[in-house]
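No experiment lies behind these values; they were computed from the predicted model shown. Every chain is numbered from 1, with letters handed out A, B, ... down the list of sequences.
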Amino acid sequence: MHAEDGSRREDPLRYRHGVMGTMCSLRVHDAVPVATIDTAAASVFAELEDIERLFSTFRPDSQISRVNRGELELLECDRKVIEVLDACTWLEHTSGGAFSIRRPDRPDIIDPAGFVKGWAVERAAGALRAAGLRHWWLGVGGDVVVHGSPTLRRPWQVAIADPLDDGAILGVIDLADAAVATSGTAERGPHVWDGRNGRAAEALTSLTVVGPSLTWADAFATAGFAMGRRGPEWVARFDDYHALAVTAAGDLLTSDAFVLEPIASPSA
Amino acid sequence: MPTPRKHSSLARRVAPALLITGTAGAFLLALDRPRAATDESGDTGTTAPADDSASAMTTSTTTRSGSSGSNASGNASSTVPTTPTCSGDLVEGSSISTKYGAVQVAATVSADGTICDIKVERAPSGGKSGSITSRAVPILRQRALAAQDATFDGVSGATYTSQAYKKSLQAVIDAR
C-alpha cells in the first residue's frame with residue numbers, strides 16, 4: 001500500500017473521460033506520485049472501453065451484436081460476456097422476471113445493457129484498488145463507487161438527483177467504501193421495461209440503490225425499477241442493500257433501513 | 001461482502017445459460033451474488049413480489065416537498081432534550097425496529113424549533129444479518145437548499161448521455 005489512511009493530497013487529481021455514451025468522472029485524493037495515479041486512471045478508462053467494445057449494441061462489431069446476428073456462438077464469446085450473461089440469468093430469476101435481457105419488442109435479441117454498466121465500473125475500479133489507492137470517487141453516468149474519504153474530517157457526500165426537478169437534488173448521503181446506482185426515466189425517457197409483462201415501467205421515476213457492490217446496486221436498481229412500487233422492498237431483501245425511490249406521483253419510497261433526515265428550513 | 005450461493009441452487013438458477021453456453025461450472029462462481037436477508041429456503045426469499053398492489057409494504061412513504069420527515073425523523077421530537085450541541089438541543093429519537101435491528105437517531109433542534117442536524121445513534125447490529133454490523137445505515141440528508149448551495153462531491157442519478165452531462169450537476173462539480 002502506498003498511502004497511510006491520513007495521507008491525502010491537498011488538491012485531488014480529477015479525470016474526465018467519455019465512454020459508454022456518457023461521462024466517466026474520477027477523483028483521487030491519495031498522496032502518491034502523479035504518475036501512479038495517471039497509470040491507474042488510464043487502466044480504468046481502458047477497461048471501460050474494452051467492455052464497451054464487447055457489449056455495446058450500438059457497435060456492429062461488438063460480441064453482443066455479433067451474437068444477435070448469429071455470427072458468433074456464445075461458447076466462443078469472451079469470458080466476460082459469459083460471466084455477465086450468467087449473472088443476468090440469476091438476476092432475471094431472482095427478480096421474478098422483472099429484469100430481462102430480452103427486449104419485449106425484439107425477443108430474438110439479447111441486450112444486457114441494464115446490467116453491464118455497474119459491473120463494468122466496479123470491475124474498472126479494480127485498477128484503483130490494485131494500485132493501492134485508498135481515497136477515490138469513480139462515477140460513470142450517474143453510477144458511483146467510492147473508497148476511503150476525501151479528507152480526514154468528512155466522508156464522501158453523494159447527492160441524489162431529483163428526477164422531477166432538473167438540477168435539484170433530493171438530498172445527500174455520506175458514504176465510505178460503498179456504491180450508489182440510480183435507474184430512472186428522467187434523462188433518457190422510458191427505457192426500462194418490466195420483463196413480466198413487456199410494458200415500460202412507469203410506476204417510479206427513479207430508484208436509487210446503496211450497497212457494497214456497484215455491480216449489484218446497479219443491477220438491483222434496474223430490476224427494482226422495473227418492478228415498480230414493490231421495488232424498494234425487494235431490493236432491501238438483500239443484505240446491505242438499501243433503496244430510495246421517487247414515484248411517478250412524486251412521493252418518496254424507502255426501504256425500511258434507509259433513514260431520511262427531515263427537511264430543515266434554509267435558515268436552520 | 002456478498003456471499004456466493006450454494007453451488008447446487010446456483011446450478012439450477014443458471015441452467016438456461018448453461019444450456020446455451022455449454023460451459024462448465026468454472027464460470028458459476030466467477031461473480032459473487034448478494035445474499036438475501038430473508039433467504040431461508042432457496043429462491044423464495046428473493047423472488048419478486050408478483051402483485052404490485054397486494055402490499056405488505058415495509059417501506060416508508062413521505063412526500064418529497066413536505067415538511068414532515070420519515071419514520072425515523074418523525075420520532076425524533078418525541079423525547080426529552082439532552083446534550084446541547086450545534087445551535088440547539090440534542091433530541092434523542094425513540095428506537096425504531098427494522099428487520100435489520102434497531103435504529104435510533106438524534107436530532108439537534110435549534111431555538112426556533114427547526115431540526116438542523118441529525119445523526120444515527122444506533123445502527124443495526126448482530127442478529128440474522130450480522131454482516132451489516134460494519135456498515136452504516138444510509139441516511140439521506142434532505143436540505144431545503146438549492147443544489148448549488150449544498151455540499152457534495154458528485155451526483156447519482158439516472159444515466160445521462162454525453163450531451164446531457166454538459167448540463168448536469170456532475171459537470172458543475174467536476175469543473176470546480
Side-chain angles (χ1 to χ4, degrees), chain A residues 18 22-23 25 74-75 82-83 85-87 89-90 93-96 98 137 139 141-142 144 156-161 168-169 171-173 180 182 184 186-187 206 210 216 227-228 230 232-234 237-240 242 250-254 256-266 268, chain B residues 2 13-14 16-17 20-23 27 30-31 33-38 46-49 52 57-64 69-70 72-73 98 100 110 114-116 118 129 131-132 135 137-142 144-145 147 152-162 164-165 170 174:
Chain A
T22 182
M23 189 65 74
S25 303
L74 282 172
L75 190 60
I82 295 169
E83 177 180 310
L85 295 180
D86 172 37
T89 302
W90 179 79
H93 178 92
T94 199
S95 68
W137 166 299
V144 176
W156 290 108
Q157 296 175 324
V158 185
I160 309 302
I169 61 172
V172 177
I173 302 173
V180 189
T182 301
E187 295 291 348
S206 83
V210 179
W216 297 110
M227 237 170 252
R230 301 296 294 270
E233 178 192 2
W234 175 77
R237 293 181 181 189
F238 296 94
D239 287 356
D240 303 329
H242 308 284
D251 291 332
L252 277 182
L253 291 176
T254 65
D256 54 3
F258 210 115
V259 178
L260 296 183
E261 175 179 322
I263 296 170
S265 69
Chain B
R13 248 182 287 274
V14 301
I20 297 167
T21 63
T23 45
F27 294 112
L31 201 57
R33 271 76 164 147
R35 194 166 59 83
T38 54
T46 58
T47 301
D52 216 39
M57 295 273 286
T58 56
T59 49
S60 62
T61 306
T62 182
T63 53
R64 295 163 61 245
S70 68
S73 56
T98 75
Y100 297 108
S110 61
T114 56
I115 295 174
C116 60
I118 280 218
S129 53
S131 59
I132 202 170
R135 300 191 187 282
V137 174
I139 305 170
L140 183 76
R141 291 187 288 120
Q142 299 173 289
L145 293 173
F152 50 88
D153 296 297
V155 183
S156 176
T159 304
Y160 44 74
T161 62
S162 301
Y165 168 80
Q170 184 65 49
D174 287 345

Which atoms of A:W137 approach chain B - backbone, side chain, both or neither, heavy atom under 4.5 Å: side chain
Bottom line for A:V210: the part with an atom under 4.5 Å from chain B's heavy atoms is side chain
Give me the atom names and distance for the closest heavy-atom approach of A:V144 to B:V155. CG2-O, 3.8 Å
Among all residues two or more places apart in sequence or in another chain, which pass the side-chain hydrogen bond (donor to acceptor under 3.5 Å, both in side chains) test with A:T182? A:T208, B:S156
What's the spacing between A:D240 CG and B:R35 CZ if we round to 0.5 Å? 9.0 Å
Find the one option among A:G139, A:A159, A:S25, A:A161 whose heavy-atom pairs under 4.5 Å with chain B are most numerous. A:A159
